[in-house]
Amino acid sequence: MVNQGRPLGPLYPGSGERGDRLAPTALGRERQVALYRLLELNRRVEERLSRLYRQGKVVGGLYSSRGQEATSVGSAFALGPDDLLGPLIRNLGSLLVRGVRPREIFMQYMARAGSPTGGRDGNLHFGDLARGIVAPISMLGALIPVMAGAAWAARRQGRETVALTYIGDGGTSTGDFHEGMNLAAVLQAPLVVIAEHNGWAYSTPTSAQMRIRDLAQRAAAYGIPAEMVDGNDVLAVHGAASRAVERARAGGGPTLVEAKTFRMRGHAEHDDAGYVPAGERAVWEARDPLARFRAHLLAEGLATEPELGEIAAGIEAELDADVDAALSSPLPAPERALGGVWEAGR
Amino acid sequence: MVNQGRPLGPLYPGSGERGDRLAPTALGRERQVALYRLLELNRRVEERLSRLYRQGKVVGGLYSSRGQEATSVGSAFALGPDDLLGPLIRNLGSLLVRGVRPREIFMQYMARAGSPTGGRDGNLHFGDLARGIVAPISMLGALIPVMAGAAWAARRQGRETVALTYIGDGGTSTGDFHEGMNLAAVLQAPLVVIAEHNGWAYSTPTSAQMRIRDLAQRAAAYGIPAEMVDGNDVLAVHGAASRAVERARAGGGPTLVEAKTFRMRGHAEHDDAGYVPAGERAVWEARDPLARFRAHLLAEGLATEPELGEIAAGIEAELDADVDAALSSPLPAPERALGGVWEAGR
Amino acid sequence: MSGEATYLEAVRRALWDELEADPRVVLLGEDIGRYGGAFRVTAGMLERFGPDRVVDTPISESGFVGAAIGAAMMGLRPVVEFQFVDFAANAWNMIVNFAATCRYRWGQGVPLVLRGPSGGGVHGSAFHSGCPEGFFCHVPGLKVVAPATAEDAYGLLRAAVRDPDPVLFLEHKFLYRRVHGTLPEGGSFARLGEARLARSGRHLTVVTWAAMLHVALEAAAALAGEGIELEVIDLRTLQPLDEEAVLASVRRTSRALVLSEEPVTGSFAGEVAARIAEAAFPFLDAPVARLCCPDTPVPYSPPLEEVYLPNAAKVVARVRELLAF
Amino acid sequence: MSGEATYLEAVRRALWDELEADPRVVLLGEDIGRYGGAFRVTAGMLERFGPDRVVDTPISESGFVGAAIGAAMMGLRPVVEFQFVDFAANAWNMIVNFAATCRYRWGQGVPLVLRGPSGGGVHGSAFHSGCPEGFFCHVPGLKVVAPATAEDAYGLLRAAVRDPDPVLFLEHKFLYRRVHGTLPEGGSFARLGEARLARSGRHLTVVTWAAMLHVALEAAAALAGEGIELEVIDLRTLQPLDEEAVLASVRRTSRALVLSEEPVTGSFAGEVAARIAEAAFPFLDAPVARLCCPDTPVPYSPPLEEVYLPNAAKVVARVRELLAF
Ligand SMILES: Cc1ncc(C[n+]2csc(CCOP(=O)(O)OP(=O)(O)O)c2C)c(N)n1
Ligand SMILES: Cc1ncc(C[n+]2csc(CCOP(=O)(O)OP(=O)(O)O)c2C)c(N)n1
Ligand SMILES: [Mg+2]
Ligand SMILES: [Mg+2]
């Protein structure tokens, strides 16, 4: 089962094959360092979660985005404070960009009372409109129409809000993807959809999901612009997302951004991804988005090794505290299960 | 509400604007005359139905295909006896091509015991695998995956069957259209989808349904071939459908054929279609598919006026008999309502 | 607006009045704009309120229900029209898993009304005649309303639009032009969740809603001549159910018949019957019975649909059996 | 194949044996090929039967259920796997309006099995824990099977594949690796539509299915020590319901509790309760009761899910109340 759906060689100018220069960016030093911190935080939060999972502390499954951090972080970094984010289960990095604290995520995964859902739902299934976050449901594709409607509504209210959400290669085959994209196009909703093309939907390669190579091609059916980027180049993702956000804000309607990337772990923690050919994995390991961005910062003189080391150390200290806080926090009281489907008193 | 979705001027070489030459065809005289007979039959059956409707004999709504006869007849005429047809509510002509008798249709619309469904369902909601007909459900889009699966299954069984079905411009916005087309492409199912672009979904113009001009553009999302034809040129429709059928039979997978046409009556008999601009209607009235094909037959010396008159007379005699038979046939016995959801004895 | 109105007109006025009263109210659906909707419920609204508030959508029920969910989260009050409520089937996942779960899972309200014509009696056949309350009343987080009168169509729709949670509002197309009522002058609305005593009686309680209310009242009138007094309860809101009103009545009459226009197996009528049978057991002098439709799709031909649907004669016959118990 | 097997293994073997026995049988679903399915039910089948019979599909539940309907019409015997039965929600229209209505409307059988893991107890939260029988048992034309034992998982799945009509086959994921049984040697299968007397007793009938059977048996064992003898009926097939088996038992015991893992309102448990209450009324010494889940989505955190799900202690408490009635 070779993945015929996408090329394993050079993806675009700017990707690994040209001495690994990242895409040009308008971001200054400080912002780039902030980006780096988020990428590191994303990875390290997930490393902690893996450890907690192995210790049996995670309730249910764990879904890693290792290798895809740049698509989450780079895209969410293009949003302003009044914008909306609709993350999927692997977009932990996007949540961090929106200011979600690691302890909230640890508590979610460990089903604690102090988690954003108070233990009613798990993993990244939580939202908070105060931080511009809409919670997904598991059914893939469903967020697209919802975010399209949210974006349209905000615009109707005279707000400048742009909504950004995600879809996997697998998710683009759902009816909701189609209905949502088409509706967004018709309404000219200020919506940005990041299609994370990691080549696999669970164990199913893109070639068994569709007969096109690029997800961007799906945009033709809706008459909306699309852009393809190297999803492992955080600056490329940020650039494309920013252009799409700007277009949306200016009234130009929705954009589909395809980010080619790779899921460096299994679908979930229990999955060893034995179905992924070794060659494919190796190609992508050489394109690790963190390593590449780190190399870029150092090569461009935007940061020094000690500075980056300090960032990592700061993160580790924060995570030590957050893991401890989460671990020592209580499970919810049983009554929390009951009621609450309608507004109280109704 | 101007219909910006499609041009009202010349559609393609071969359409009304060039002295109305129809598309070249490989069909001989006899087959062309047979086609003509079917077009006339389609129109006249619907004229009878209109009359019955005004007389209060039709139970429920009546959905006319006047003006679109060439898309139904021309496409179904490309099928062989072992092929499968999945008609929608306006594809009365396709059913006639498959050998459905007008009296069956009259009885369906009048809810008689002798109708194909024995009065359990109405209008064109009936099927008969012996004649290669799969009944639709009302929910638009649903037939696409079903016909894709039927086509795939037949092929798996070593049969040469091709399945042909329809979708309106409006129907292409459904999730099922997307899921079905994508699956057909992945399975390389021998499926032909005729997209009848009549510019309106009930009262909603194409421009309010999608931001593309041509339905054919939707094929790009699935990596399958598409063809656009003048849907009011029966030879053009037949030609495109035949090419698609041949491709499917040869293992080339699904094709989307877009036929540009126009619904000369309202969505249903109760609808005066006041929302259609007069200019649009006038343009299409000048392109009446029957008149054009008739002119073609006469101009090419394939038939004479008296011959065509005889065909019409023969049809009228048949319909007189069929209407009488249907009118004098009984309504179903009440017990017919009960049971029958599962195979008897189970 | 107020005054004498058909059920259809009552729905129309409720929407109109809410559009006037609250700029957050928006309508979405197929052909609801210039055309005014397949049943003309939204006639004139595009002209009055503009295309930003009356939105013709592509044929994509899941898509536009989803969009309405997003819009509701952003503070609008979307009212979605299904051309026929049967087409809500295409938005099933969106309604059941998205709209209905957000408050419980992450505390986010989704004030949304999903409305459209349901019900049979007009020879619409399987896909234009459905009464889907049995499905939707099993969805935690969704409210379900099914008015039987013009007054309630008006008052409960206005209440539904103002409700902070998702409401499925089942209009009954057989009633659209067949029942009339006087709409209230002022601004006081019905509340969701309250049943109505449609007729008092002491021999047996008929619990029903929507078009079947009128069947029950017809049967009650017929039986009154013989001195049999039916009490008729119009549930109006099915979810949340006004269980107390039902039980109070059955405790008095000691007999109950639940009457609905659903295939009987898995019907909401079954839920009501089960609750009565459990909670009013000591008061019952006869089994709690149901009169519903057979377990088939809705058939098309008039004699078949007549067999399929409950009517007053069938109610009378069943009541006699229960009274003889 | 035969011999000792888990419930999961029983499902696997039933599919395997049907694939061997009938070349018309094909499997469709997400990740069922090389990966062998999210729960490994189809492990090894791609290798043995090839990609023409074990088809990995794109993520498009409505699409592949639709394709299976078409394939069934053409003479195949498709078995569709939902990765979780919750995702059947995305194929709702296709199942309810297409698969289930064809025979009634135009005489066309659709021999199709829709199967997948249902149920809670594994902290899967709202979208990976559902028991959707209450929805699907309300669909005329659809059969619904929910085995509680490995034997039935095997026998009823083989019977479902051979059935001429669409069958929803609800496996219970909590049971996959927790219950065992001995699979039959020969070729004689269970029949759909027959309940099983899982335990005889004379004081009260518990009617249940799937994972709750084991809860009922646990409660019965606990109460047996005090001389309280529960009769436990495992419905196995929910639609069509073996009403006679249920009624025969209740006529003997005079008391009934319907136990299920569904939100209570609109549950199939309500249907069963309503039928008992109506048909066995003269025999009842206590109200027909239900023990189900509260009307919320399935919560995630273990203490919450524990409150949500029925268990033996809750059954024992409810039984005591009913016996004291
Ligand atoms: C409608 C639906 N069907 C099935 C699933 C089960 N499922 C969860 S993740 C997944 C694969 C997703 O693949 P993709 O969209 O490419 O996202 P990725 O995991 O690669 O980020 C599947 C099939 C689901 N969540 N939703
Ligand atoms: C899923 C779904 N939603 C709504 C409807 C109601 N409806 C019936 S026909 C129609 C318009 C169809 O337009 P189009 O697909 O362009 O076909 P046409 O009538 O023009 O041939 C609508 C909205 C339906 N049948 N199915
Ligand atoms: Mg993927
Ligand atoms: Mg159209």
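In what follows, chains carry the letters A, B, and so on, assigned in the order in which the sequence lines appear, proteins first and then strands, with residues in each chain numbered from 1. Remember, it's a predicted structure, so these values are computed and weren't measured experimentally.
Legend: salt bridge (charged side-chain N to carboxylate O under 4.0 Å, His left out) pairs involving residues 64-83 of chain C, not counting sequence neighbours, sorted by first then second residue: C:Glu81-C:Arg115.
Atom CG of C:Asn90 and atom CD of A:Glu179 lie 7.5 Å apart (nearest 0.5 Å). Rounded to the nearest 0.5 Å, atoms CZ (C:Phe98) and CG (A:Leu143) are 4.5 Å apart. Rounded to the nearest 0.5 Å, atoms CG (C:Asn97) and CE (A:Met139) are 4.0 Å apart. The structure places CG of A:Leu183 at 10.5 Å from OG of C:Ser62, a figure rounded to the nearest 0.5 Å. Atom CZ of C:Arg103 and atom CZ of A:Arg120 lie 10.5 Å apart (nearest 0.5 Å).
Only the backbone of C:Pro23 has a heavy atom closer than 4.5 Å to any heavy atom of chain A. Neither the backbone nor the side chain of C:Val110 comes within contact range of chain A; no heavy atom of the residue lies under 4.5 Å from a heavy atom of that chain. Only the side chain of A:Val186 comes within less than 4.5 Å of a heavy atom in chain C; its backbone stays farther off. For C:Val65, no part lies under 4.5 angstrom from a heavy atom of chain A. Contact annotation for C:Leu192: neither backbone nor side-chain heavy atoms come within less than 4.5 Å of a heavy atom of chain A. For A:Ala337, the parts lying under 4.5 angstrom from a heavy atom of chain C are both the backbone and the side chain. If you measure heavy-atom distances from A:Ile133 to chain C, the contacts under 4.5 Å come from the backbone alone.
Nearest heavy atom pair, residue C:Gly63 against residue A:Pro145, reads O-CB, 3.4 Å. The heavy-atom pair separating C:Arg105 from A:Pro136 by the smallest distance is NH2-O, 3.4 Å. Looking at every heavy atom in both residues, A:Ala154 comes nearest to C:Met74 through CB-CE, 3.9 Å. Of all heavy-atom pairs spanning A:Phe126 and C:Trp106, the tightest one is CA-CB, 4.4 Å.
Atom CD of A:Glu246 has more than 12 neighbouring heavy atoms from other residues, nucleotides or ligands inside a 6.0 Å radius.
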_Walk me through whether A:Asp121 and C:Thr101 qualify under side chain to side chain contact (heavy atoms under 4.5 Å, CB included)._
CA-CA 10 Å; A:Asp121 208 339; C:Thr101 68; over 6 Å; no
_Candidate pair A:Gln157 and C:Leu76, rule side chain to side chain contact (heavy atoms under 4.5 Å, CB included), full reasoning_ = CA-CA 9 Å; A:Gln157 292 163 319; C:Leu76 297 188; 3.5 Å; yes
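Contact count versus chain C (heavy atoms, under 4.5 Å) is highest, among A:Leu84, A:Leu187, A:Asn182, for A:Leu84. Of all the listed residues (C:Arg53, C:Met94, C:Glu61, C:Met73), the one sharing the greatest number of non-hydrogen pairs under 4.5 Å with chain A is C:Met94. No other option in A:Ile144, A:Thr161, A:Asp128, A:Asp176 has as many heavy-atom pairs under 4.5 Å with chain C as A:Asp176. In terms of heavy-atom pairs under 4.5 angstrom with chain C, the leader among A:Val146, A:Val341, A:Leu129 is A:Val146.
In this structure the side chain of C:Val26 reaches within 4.5 angstrom of the side chain of A:Trp152, judged on heavy atoms.
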